[in-house]
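All values below come from the heavy atoms of this structure, side chains included, with hydrogens, waters and symmetry mates left out. Small disclaimer: the values here were computed from a predicted structure and weren't measured. Lettering follows sequence order; numbering is per chain, from 1.
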Number of protein chains: 2
Amino acid sequence: MNKLEFKAFFYAIGDYSRFSILSSLAKRDLNVSEITAMTGIEQSNVSHHMHCLLNCGFVNVRNDGNKHIYAINPEVRQTVDSIISHIASYKKQIISCDIANKAYISKVIK
Amino acid sequence: MNKLEFKAFFYAIGDYSRFSILSSLAKRDLNVSEITAMTGIEQSNVSHHMHCLLNCGFVNVRNDGNKHIYAINPEVRQTVDSIISHIASYKKQIISCDIANKAYISKVIK
DNA sequence: TATAAATATGATTGGCTATTCATATACTAT
DNA sequence: ATAGTATATGAATAGCCAATCATATTTATA
């Protein structure tokens, strides 16, 4: 594995908004409005993320009138599921992990 | 899965330097000098990364004289292996993924 | 054709963090 | 003790990128 592959993979999947979108799409195909409603991410922001996910081949799109319906790539669905279970098994340690959480926690506390 | 867990997980494992260190540790236990030699990452930088990985429970450490020998957490070894194979299967798509690669590629080209 | 609805695009900005540099600490050996 | 080796710590900087805002494009409907 080289740095290029690694960077691209984690860039695409390692963002919480994009991962949330992929998790939603793992359940069923969705158009942009539905993604916006389910994730709470603002419309234009969703579009930016879809552009990225589409460009990376993580999702596919088909048009139904003026709605753009996105579907997750089956391989990616598997990866998403796998990461979810990895995080679940890693959960125990996360409480003690102040470095990784520092930034996020400080935000939440504010 | 919540945002906190996700962020912490990807913070720790989603950095190429830290992932490289974990990959090296997946082969065998290593002290800091050895990690520096194997990865090419500068000593103080390695120390910073080890502090993070240790804090997150991704690695453990034992002392042998003035050498600090780091060992990967078995669960994490499995996660690392799994991610490597996910990236391998994702490799096909990566060529067409200009968004994720833009920053990195533009650096390499310069 | 005018209005509305759905989605995309482009530019900007603020926050996060990996790296670097300088230095400190800890242990070893002579 | 003192010099050398190994590792850690703290502060500062520079680059990256998600989110936002404003606006454009496309399709539907009246």
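Of the listed nucleotides (dA18(C), dA19(D), dC21(C)), dA18(C) has the atom at the smallest distance from the side chain of Asp15(B).
Between Asn31(B) and the options Ile69(B), Asn63(B), Val61(B), a side chain to side chain contact (heavy atoms under 4.5 Å, CB included) holds for only Ile69(B).
To the nearest 0.5 Å, the span separating CD1 on Ile35(B) from CG on Asn45(B) amounts to 12.0 Å. Here Glu42(B) contributes atom CD and His49(B) contributes atom NE2; the two are 10.0 Å apart, rounded to the nearest 0.5 Å.
Taking atom CD1 of Ile21(A) as the reference point, atom P of dA18(D) lies 11 Å away to the nearest angstrom. Ile35(B) places its CD1 atom 14 Å from the P atom of dA6(D), with the value rounded to the nearest Å. Rounded to a whole Å, the CZ atom of Phe10(B) is 17 Å from the C1' atom of dC16(C). Spacing between atom OH of Tyr16(A) and atom C1' of dG15(C) amounts to 19 Å, rounded to whole angstrom units. Protein atom CZ of Arg62(B) is 18 Å distant from nucleotide atom C1' of dC27(C), rounded to whole Å. We find that CG of Asn55(A) is positioned 14 Å from P of dC17(D), with the value rounded to whole Å.
For Asp29(A), the salt bridge (charged side-chain N to carboxylate O under 4.0 Å, His left out) criterion is met by Arg62(A), not counting sequence neighbours.
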Throw together a table of side-chain donor-acceptor distances under 3.5 angstrom for residues 19-28 of chain B, partners on residues two or more places apart or in other chains.
from, atom 1, to, atom 2, distance (Å)
Ser20(B), OG, Tyr16(B), O, 2.7
Ser23(B), OG, Phe19(B), O, 2.9
Ser24(B), OG, Ser20(B), O, 3.2

Reading nucleotides 4-12 of chain C from 5' to 3' and marking B where a protein heavy atom lies under 4.0 Å of the base, S where only the sugar-phosphate is that close, and - otherwise, the string is -BSBBBBB-

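Sequence order on DNA chain D of the closest nucleotides to Arg18(A) and Gly65(A) puts Arg18(A) first from the 5' end.
Residues Tyr11(B) and Cys52(B) share a closest heavy-atom pair of CE2-SG, 3.7 Å.
One finds no side-chain N or O of Tyr11(A) lying less than 4.0 angstrom from the OP1 or OP2 phosphate oxygen of dC16(D).
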